[in-house]
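Structure record follows, encoded as structure tokens.
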Amino acid sequence: MNPPATPAHVAIIMDGNGRWARQRMMPRQAGHRAGVRAARAIVETCARRGIRHLTLFAFSSENWRRPQGEVGALMRLFLEALEREVDELHANGVQLRFIGERRELSAELQARMRSAEERTRANERLVLVIALAYGGRWDIGQAARQLAAEAAAGTLDPAAIDDATVAGRLALAGLPEPDLLIRTGGEHRLSNFLLWQLAYAELWFTDCLWPDFGEAELDRALARYAAVERRFGQTSEQLQPAAGEESC
Ligand code: FPP
């Protein structure tokens with residue numbers, strides 16, 4: 001049987017802020033500010049569409065290589081956005097979580113992230129995961145270190161390590177894997193995002209630049225997702241309901 005038409009978890013690579021700004025002869029930072037507005041709107045739309053988990057790639061491990069001025073501006077933007085948005089997210093039942101190598105972030109940002117997580121912990125309408133200083137290889141590496149430490153301590157039998165054991169140590173442990181990955185900005189690659197967790201995700205690439213990505217664009221991705229048959233390695237015939245069985 002095919003899973004429900006609405007994805008339980010959508011993950012988004014928000015690309016194209018810089019080009020959006022350049023097209024308007026504006027500085028890149030203006031593109032990032034517009035990107036935050038687009039992110040805010042998409043969280044609301046996802047909640048209205050009944051999507052229970054949304055993961056946004058806000059800053060990758062590789063983004064540290066950008067010019068210092070841009071990195072600094074992005075960090076300030078994340079701080080401001082957290083300060084401004086947490087009340088409303090909380091009031092709307094959104095639980096905030098962060099994944100990534102937090103130790104690389106400023107103490108002030110880390111403290112604000114922790115406080116937003118603690119404050120919204122009990123919310124259940126939508127889990128919003130923000131990937132900050134995140135890389136898929138970093139994630140697999142940190143899971144491997146945990147497994148190795150447990151094996152060395154004698155609390156884990158290496159022969160018993162399977163997919164679920166690994167997934168349980170990854171940054172999204174406890175959440176369903178993303179069903180749908182959206183990447184804006186015209187590139188067709190994963191850029192080191194959720195490498196393990198996207199193994200069976202449906203992929204949706206659009207040329208739309210992130211600040212322009214709104215409800216109509218999201219609905220196009222969701223319609224495509226609803227129409228596709230997800231086989232998870234099985235055949236199409238295996239997924240068809242047997243003759244006489246209800247299919248609604
Ligand atoms: C991609 O555009 C965007 C980023 C590298 C990160 C910043 C993302 C935001 C500010 C959006 C929302 C943030 C939050 C807080 C959830 P780009 O600079 O790579 O664009 P380009 O490819 O056109 O240069």
Side-chain angles (χ1 to χ4, degrees), residues 9-47 51 53-90 92 94-102 104-106 108-110 112-117 120 126-136 171 178 181-194 205-214 217-218:
H9 191 164
V10 174
I12 308 184
I13 300 177
M14 307 175 288
D15 197 11
N17 294 349
R19 278 164 284 164
W20 183 93
R22 197 168 59 234
Q23 285 171 1
R24 289 162 180 76
M25 316 281 226
M26 290 158 94
R28 292 180 61 82
Q29 287 170 31
H32 292 317
R33 277 196 297 276
V36 173
R37 290 195 291 275
R40 186 181 197 276
I42 226 63
V43 172
E44 282 175 24
T45 308
C46 284
I51 293 161
H53 308 85
L54 172 65
T55 297
L56 299 178
F57 203 8
F59 192 86
S60 74
S61 338
E62 291 72 32
N63 285 151
W64 291 115
R65 299 183 196 143
R66 290 195 174 200
Q68 239 187 344
E70 180 167 347
V71 170
L74 277 169
M75 293 300 147
R76 281 192 295 280
L77 199 63
F78 296 145
L79 260 178
E80 285 164 23
L82 264 182
E83 191 165 73
R84 200 178 50 237
E85 306 294 347
V86 172
D87 280 352
E88 199 179 328
L89 290 170
H90 185 44
N92 283 296
V94 175
Q95 182 187 134
L96 256 173
R97 291 197 195 182
F98 296 90
I99 57 171
E101 180 49 285
R102 317 186 171 214
E104 292 176 353
L105 302 166
S106 72
E108 190 185 8
L109 185 52
Q110 286 185 51
R112 225 169 266 183
M113 287 157 58
R114 225 175 7 254
S115 123
E117 285 178 328
T120 62
L126 170 79
V127 178
L128 171 60
V129 182
I130 311 247
L132 261 185
Y134 177 86
L181 169 80
I182 296 172
R183 180 173 186 144
T184 63
E187 313 286 358
H188 293 202
R189 53 175 173 258
L190 294 182
S191 296
N192 198 17
F193 189 39
L194 301 174
F205 298 102
T206 168
D207 289 338
C208 178
L209 302 176
W210 174 249
D212 292 327
F213 188 87
E217 279 286 333
L218 178 71

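Values in this document were obtained by computation on a predicted structure and should not be read as measured data. Indexing begins at 1, ligand by ligand and atom by atom, following the structure's order.
Here the protein heavy atom with the shortest distance to atom 7 (C) of ligand 1 is A58 O, 3.4 Å. Annotation: atom 10 (C) of ligand 1 to nearest protein heavy atom, H32 O, 3.4 Å. Closest to atom 1 (C) of ligand 1 among all protein heavy atoms lies M14 O, 3.0 Å. For atom 19 (O) of ligand 1, the closest non-hydrogen atom of the protein is R66 NH2, 2.8 Å. Nearest protein heavy-atom contact of atom 15 (C) of ligand 1 is F78 CD2, 3.7 Å. Atom 16 (C) of ligand 1 has as its closest protein heavy atom I130 CD1, 3.8 Å. Closest protein heavy atom to atom 2 (O) of ligand 1: N17 N, 3.2 Å.
Taking only nitrogen or oxygen atoms, main chain and side chain alike, W20 does not reach within less than 3.5 Å of ligand 1. Ligand 1 has no N or O atom lying under 3.5 Å from any N or O atom of N63, backbone or side chain. Checking only distances, G18 does come within under 3.5 Å of ligand 1, N or O to N or O.
Each of the atoms 21 (P), 22 (O), 23 (O) of ligand 1 lies under 4.0 Å from some heavy atom of R19. Within ligand 1, counting atoms from 1 as listed, the ones closer than 4.0 Å to a heavy atom of G35 are 11 (C), 12 (C). Each of the following atoms of ligand 1 lies closer than 4.0 Å to a heavy atom of D15: 1 (C), 2 (O), 17 (P), 19 (O), 20 (O), 21 (P), 22 (O).
Checking side-chain atoms of R183 against main-chain N and O of R189 turns up a donor-acceptor pair under 3.5 Å.
Taking both residues in full, the closest heavy atoms of P27 and A21 are given as O-CB, 3.3 Å, listed atom of the first, atom of the second, then distance. P211 and G35 get closest at one heavy-atom pair: CG-N, 4.2 Å.
At a heavy-atom distance under 4.0 Å, only side-chain atoms of R28, from C-beta outward, approach ligand 1. Residue contacts with ligand 1, taken as heavy atom pairs separated by less than 4.0 Å, involve L74 solely via side-chain atoms from C-beta onward.
We find the OH-CZ distance between Y134 and F193 to be 7.0 Å, quoted to the nearest 0.5 Å.
In this structure, F205 and H188 have parallel ring planes: the angle between them is below the 30° cut-off, well short of the 60° mark.
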